[in-house]
Amino acid sequence: MMASLSGLYSSSPSLKPSKNLSFKALPALSRDSFSFPHTSRPTNLPLTLSSARSVARDISHADSKKELLKDPDALWKRYLDWFYQQKELGLYLDISRVGFTDEFVAEMEPRFQAAFKAMEDLEKGSIANPDEGRMVGHYWLRNSKLAPKPTLKTLIENTLDSICAFSDDIISGKIKPPSSPEGRFTQILSVGIGGSALGPQFVAEALAPDNPPLKIRFIDNTDPAGIDHQIAQLGPELASTLVIVISKSGGTPETRNGLLEVQKAFREAGLNFAKQGVAITQENSLLDNTARIEGWLARFPMYDWVGGRTSIMSAVGLLPAALQGINVREMLTGAALMDEATRTTSIKNNPAALLAMCWYWASNGVGSKDMVVLPYKDSLLLFSRYLQQLVMESLGKEFDLDGNTVNQGLTVYGNKGSTDQHAYIQQLRDGVHNFFATFIEVLRDRPPGHDWELEPGVTCGDYLFGMLQGTRSALYANGRESISVTIEEVTPRSVGALIALYERAVGLYASIVNINAYHQPGVEAGKKAAAEVLALQKRVLSVLNEATCKDPVEPLTLEEIADRCHAPEEIEMIYKIIAHMSANDRVLIAEGNCGSPRSIKVYLGECNVDDLYA
Ligand SMILES: O=P(O)(O)OC[C@H]1O[C@H](O)[C@H](O)[C@@H](O)[C@@H]1O
């Protein structure tokens, strides 16, 4: 059957995308030449722009589109042939609207077999993150028997037990906040960023009941106004707030700042933070040591062998979830079942391999197209944001495992349907063709017994269903590829399965394109640069303080500040620092205003003599 389907997509031979293919050449190729179907791509790589254009001339987009639309039988056959279902989880995958060929699948086979082997080794405890010399063990979290050492198995099991016991005690009121009239904890304030926030946020939005035993709020930034807002919203309930500070490294500046701000709010409210603080971090990290020395209410471990973006099934995701009354053991079961399903070495029966294969096909194996994720369910709104980190931090890499420059990646964005249909789907349908879509469909509209027909024979949920199917068809009719993942209901089990599905797909895809999915060297560059800006600010302050302490006060131009900081090349940054401090009432501008940098002369509001001799 697939032979005939190859014919349906193209008469030309299939493409094997190559890692030799230059990323820079691709936007032009994909926009100009690779209109749907992708079988119009040439076989002999590396491609040149002219060869790609000549192929595009040979295979007319319009003809291919017509052929597809004319042949619903063939499309239905393709749908059935590639349809995947995991019965126990009630999860289905449809990749029929991605135009890969049989030849492409056959060419990918050896790469997948190598990826399966690498994944098997990873699960057995190999150093799968060679740059950091670390094992990669998030799969053990939902099946502790897989852990390569008995001590790790015990650690995982004991941590899970203690998470459940602690949450039970908090929910039941056995552990009480020291000075709350409520007598029990009512709120969670989660402080963390990146992998220490996105998972808990996604799970809360997807699974928290309407009236959870504890409601959750997040501080996931060093934005003072955002922090103030969260604390203000808590109001007097700060006294019954459990503050969970999450940081794998225990040294992330934004998280530290969030903690210091919250501790200040506690002090000002006359509350004892330590009795309401919980830390989730690696043993002996800065955060761990602080929590231990200050005698916080509880500490839970993070592990060296679990990455931030795959930490959702560790205490990072499980503790906040359990406290909201979410069945975390069900989440783990869903993930474990999906792990099992994605261990098979038959591509066709492995949903994660099918996803990775489609990503490779759709983006030429170099991220030349973006992945737009569209869950048609409000509670899954944050799935695309969660996937953004999982996929982009894992796959966005400059070098491959052999040290070649590859600038790999796969861009992920999206919110939810049908909402986005009224925002940017116009461009997806008619505009620049630089994406493929992933629809997440949920079969169950509402809990049983609550549905009603808002017009004869049609419910509100039928509209949502219709919008999804309509968008899928409309995109396809205009040559836009899509994947559909269907779950029956949004439950802890299905959410666990979705997370595990994408974790595995990312891991397999990384192997196929020969990169390390488990480190993030690029993130360090921004952190280092931020630290340099703050160090420069301290030098600027010291120079200004010295000039302010003179009698009479000596206002300085930007040039003079830069010279005295021995950083003339940093004059633009110094200007920005002054403008920012001025906007926050931290310096006085003697002459001019911040809008005209050449005119300003600056001194501080007051001279700090102590700083002069520091
Ligand atoms: O959990 P933390 O150590 O505080 O790290 C929080 C985040 O920091 C960095 O930005 C990393 O790139 C992320 O992967 C990580 O999730």
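Remember, predicted model here, so these are calculated numbers, not experimental data. All ligand and atom numbering here is 1-based and tracks the order in the structure. Any value given below was found using the heavy atoms of this structure, including those in side chains, with hydrogens, waters and symmetry copies removed.
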Item to check | Under 3.5 Å: N/O of T252 near N/O of ligand 1 | outcome: yes

Checklist entry - Do ligand 1 and Q520 have nitrogen or oxygen atoms that lie under 3.5 Å from each other? => result no

Checklist outcome for this item: heavy-atom search around atom 14 (O) of ligand 1 in the protein gives E393 OE1, 2.7 Å

Checklist entry - Is E503 salt-bridged to R309, going by a charged N under 4.0 Å from an acidic O? => result no

Checklist entry - Can you tell me if S494 uses its side chain to pair, donor with acceptor, with the backbone of E489 under 3.5 Å? => result yes

Next on the checklist: Please check whether G195 reaches ligand 1 - meaning an N/O of the residue sits under 3.5 Å from an N/O of the ligand, judged on distance alone.
Outcome noted: yes

Checklist entry - Counting from 1, what ligand 1 atoms have a heavy atom of G194 closer than 4.0 Å? => result 16 (O)

Checklist entry - Taking the six-membered ring for Trp, is the centroid-to-centroid distance between Y386 and Y502 below 6.0 Å? => result no

Checklist entry - Hey, what's the ring geometry for F300 with F166, parallel, tilted or perpendicular (30° and 60° as the breaks)? => result perpendicular

Checklist entry - Is ligand 1 less than 4.0 angstrom away from at least one heavy atom of Q389? => result yes

Checklist entry - Under 4.0 Å from ligand 1, counting heavy atoms only, is it the side chain of M302, its backbone, both or neither? => result neither

Item to check | Sequence-distant partners of W305, ring-ring contact (aromatic ring centres under 6.0 Å, His included), two or more places apart | outcome: W140, Y303

Checklist entry - Which residue and non-hydrogen atom of the protein lie closest to atom 1 (O) of ligand 1, and at what distance in Å? => result S196 OG, 2.6 Å

Item to check | F436/W361 aromatic ring centres below 6.0 Å | outcome: no

Item to check | Test: K576 and E570 ion pair at under 4.0 Å | outcome: no

Checklist entry - For atom 8 (O) of ligand 1, which protein heavy atom lies nearest, and how many Å away is it? => result K527 NZ, 4.0 Å

Checklist entry - When you check the gap from the basic side-chain N to the acidic O, do K527 and E524 get nearer than 4.0 Å? => result yes

Item to check | Under-4.0 Å salt bridge between R329 and D161 | outcome: yes

Item to check | Option whose closest heavy atom lies nearest to atom 3 (O) of ligand 1, chosen from G308, S249, S285 | outcome: S249

Checklist entry - Nearest protein heavy-atom contact for atom 10 (O) of ligand 1: which residue, which atom, what distance? => result V523 CG1, 3.5 Å

Checklist entry - Just heavy atoms, cut-off under 4.0 Å: does K248 contact ligand 1 by side chain, backbone, both, or neither? => result both

Checklist entry - Nearest protein heavy atom to atom 7 (C) of ligand 1, by residue and atom, and its distance? => result I193 O, 3.9 Å

